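The structure appears right after this line, and notes come after that.
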Amino acid sequence: MAKDKMVPVPSNSIVPERDVDKTPILETHHLGIDFGGLTAVDELTLAVGRTEIAGLIGPNGAGKTTVFNLLTNVYQPTRGTIMLDGKSTARKNTEQVNRMGIARTFQNIRLFSNMSVLDNVKVGLHNSIKQPLISSITRLFGYRASEKKSRDEAMELLKFFKMEDMANHQAGSLPYGAQRRLEIARALATHPGIILLDEPAAGMNPSETAELMENIRRIRDNFNIAVMLIEHDMNLVMNICEGICVLDHGKVIAKGTPEEIKSNPKVIEAYLGKKKEAK
Amino acid sequence: MNKTRKLSKFTLTNIKCYGMIIVAFAVLYPMLKMNMISNKISGLLIPICAYIVMAISLNLTVGFLGELSLGHAGFMSVGAFSGVITVACMQSGLPAPVKLLAAIIIGGIMAGILGLIIGIPVIRLKGDYLAIVTLAFGEIIKNIINCLYIGVDGSGLHFSMKSAEALNLSDGKIILNGPQGAVGVSKIATFFAGVLLILFALFVVLNLVNSKTGRAVTAIRDNRIAAESVGINITKYKLTAFIISAVIAGMAGALYGLNFSTIAAKKFDFNTSILILVFVVLGGMGNIPGTIIATTLLYMLPEMLRQFSDYRMLIYAIVLILVMLATNSPRAKVFANKIVGIFKKNNETDGEGDVSNG
Ligand SMILES: Nc1ncnc2c1ncn2[C@@H]1O[C@H](COP(=O)(O)OP(=O)(O)O)[C@@H](O)[C@H]1O
Ligand SMILES: [Mg+2]
């Protein structure tokens, strides 16, 4: 059923070859949401391949974050459907869609800032660690094994982001860049099939951004999952995204490979053009 | 190095909590047995134990779950009266500790059931709304028990909402007599049992906080939206914490109720809920050792102030305000940190007793 729905996306040419014959991890069909009179997102149809790095770009207020909120069921769509791994996410809540395989980070970092770095990741591991309430309270019945497993897995993820030294620091006290990395580590801990990154490079210096680019590639290669990111840093987007979708005023104005997007007149006018004017 | 430091922090809180209680018991118990404690003080010991357990329990809701509950005395009340009824229904031949244990268990279960009933609608509310609804529930519980008549005879328990006569007791006795409350309660609560109950409450809460369940609860408090985004069932964990908190409060209630020969529902009113909240806030949200100390001092304070008779409550209120200001103002904090710093130089391993960071 999902096979014939496959929309190679963002444009016909760019689903990475390795993903072509597989169900997309994520599909949306005619997705839209209104806030009162305002149509924040409209007619959004796209698909993301199983191991694709996809970009979602557009000027401020275009509706990008709203798309992420729709995909994670923070908002219920007014129109359209979302298919995650071939299954509809209608009438699910945020917690349930996370279990179905979608994880995210936030434009304004949302860490458990009073908890330690390690505990933040452990919270991400919540659904993959078995520890019934009775063993939480009594510290018996497999408590030690489950705590060890969660600790080991969390440390492994922190090592992946070279954060193992900070494991016992309070999350809220970390430098900005490290907070962003921790948020990604926590999202990955939920074992998603696709991870959504909302402006991961915001506020980063060039060397941090370069490291982030490398990390995003490593996430895809190591965990074998799809990445979808919202980003204003064109250098980053054009370098690592295989498919790009451009939003303006809630509508898709272009989809394609970085090359296609760069040369698309609509995009230049709506997005890149404005920037040049500003300069 | 880091690993051991973190471990020691958690263990340190545990040692502080358990140690404090055990040392206090080791000092007080022999004194009590040798009649070295004045009647005034010894009469306070069991209530203090009950209130420490209440404060530990409320700290789970307020400090760790981060929800303001203003009806906690309601759970205490249900625990107290269930406990009293349990004891009244048991054969008088049974040893007192068995009866007390049964009363505490039943008190906890009944309060837990009530916690579930109240929790399901309440836990979906946020912030102020939750506080106000728990307040209302606390008052409802008080008023229901206030007009409840319960008696026991050969044929079992009799209930009435009208009057004691309506119970139609053949030969038995009245346990709960409406606004007069429970009368003729057998005073079987002991200081030893109180201390054991505190240790039990500490065991449950401290373990919980450092477990998967506890992390989920703390995560919800810290950032609800992020917690949802990593697949945590908000309702489930809020409800779990709320019910555990209610069960412990019910147990404290049973201990408290069985310490007096008469006990009325109006004892567990809004003021009592607020009093417990004050213990928690002053002791520090999420700070269990602090809660224990604050409860003990604040509960003793009015008694210590008896010599000031009429001005007692005034002085009490002023002390409260001063302590609040002192613990909250940034300058006082800097000052306190300096003092702590001096001690830290001497003893590097001494850390803050705040479990929420552990
Ligand atoms: N919950 C909401 N209620 C009303 N309007 C909203 C809400 N969320 C987003 N919007 C509006 O939707 C539009 C898109 O916002 P957003 O998705 O945050 O843009 P961006 O592309 O910068 O991430 C904006 O005009 C914003 O004001
Ligand atoms: Mg945005």
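Both backbone and side-chain heavy atoms feed into the values below; hydrogens, waters and symmetry mates do not. Values in this document were obtained by computation on a predicted structure and should not be read as measured data. Chain letters run A, B, ... following the sequence lines, proteins first and then strands; every chain starts at 1.
For A/Met228, the CE atom counts as densely surrounded, since its 6.0 Å shell holds more than 12 non-hydrogen atoms of other residues, nucleotides or ligands. Annotation: B/Arg124, atom CZ; neighbour count of heavy atoms from other residues, nucleotides and ligands within 6.0 Å does not exceed 12. A 6.0 Å sphere centred on CG of A/Asp152 holds more than 12 heavy atoms belonging to other residues, nucleotides or ligands. Around atom CG of A/Asp221, more than 12 heavy atoms belonging to other residues, nucleotides or ligands sit under 6.0 Å away. Shown here is B/Phe203, whose CZ atom has more than 12 heavy atoms of other residues, nucleotides or ligands within 6.0 Å. Sparse packing is recorded around OH of B/Tyr129, with 12 or fewer heavy atoms of other residues, nucleotides or ligands lying under 6.0 Å away.
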Just do the side chain to side chain contact (heavy atoms under 4.5 Å, CB included) check on B/Asn207 and A/Thr138 with the steps written out, would you?
CA-CA 7 Å; B/Asn207 281 355; A/Thr138 59; 5.8 Å; no
Under the side chain to side chain contact (heavy atoms under 4.5 Å, CB included) criterion, do A/Ser150 and B/Lys212 qualify, and how do the steps go?
CA-CA 9 Å; A/Ser150 100; B/Lys212 176 180 142 168; over 6 Å; no
Under the salt bridge (charged side-chain N to carboxylate O under 4.0 Å, His left out) rule, what do B/Arg215 and A/Glu147 come out as? Steps first, then yes or no, please.
CA-CA 12 Å; B/Arg215 283 191 297 269; A/Glu147 282 296 296; 3.1 Å; yes
Do B/Tyr237 and A/His126 pass the side chain to side chain contact (heavy atoms under 4.5 Å, CB included) test, and can you show the C-alpha distance, the side-chain angles, and the key distance before you say yes or no?
CA-CA 12 Å; B/Tyr237 282 96; A/His126 184 83; 3.1 Å; yes
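At least one side-chain heavy atom of A/Arg186 sits less than 4.5 Å from a side-chain heavy atom of B/Val230. Between B/Ile232 and A/Glu95 there is no side-chain heavy-atom pair separated by less than 4.5 Å. Within the 4.5 Å cutoff, no side-chain heavy atoms of A/Gln96 are placed close to those of B/Asn233.
Interface remark: A/Leu111 contributes backbone atoms only to the contact with chain B (heavy atom separation under 4.5 Å). Only the side chain of A/Arg99 comes within less than 4.5 Å of a heavy atom of chain B; its backbone N, CA, C and O stay farther away. Heavy atoms of A/Thr72 lying under 4.5 Å from chain B are absent altogether. Using a 4.5 Å cut-off between heavy atoms, A/Ser136 touches chain B through backbone and side chain atoms alike.
Distance check: A/Leu133 CG to B/Ile244 CD1 gives 4.5 Å after rounding to the nearest 0.5 Å. A distance of 10.5 Å separates CD of B/Glu228 from CG of A/Asn98, quoted to the nearest 0.5 Å. Atom CG of A/Asn69 is separated from atom OG of B/Ser229 by 10.5 Å, given to the nearest 0.5 angstrom. Rounded to the nearest 0.5 angstrom, A/Ile109 CD1 and B/Asn223 CG are separated by 11.5 Å.
Here A/Val123 is the residue among A/Asn120, A/Leu125, A/Val123, A/Thr190 with the most heavy-atom pairs under 4.5 Å with chain B. Ranked by non-hydrogen atom pairs under 4.5 Å with chain A, the options B/Ile225, B/Val204, B/Ile220 are led by B/Ile225.
Nearest heavy atom pair, residue A/Tyr143 against residue B/Ser211, reads CE1-CB, 4.2 Å.
When atom types are taken as modelled, the side chain of B/Asp222 and the backbone of A/Asn114 share a donor-acceptor pair closer than 3.5 angstrom.
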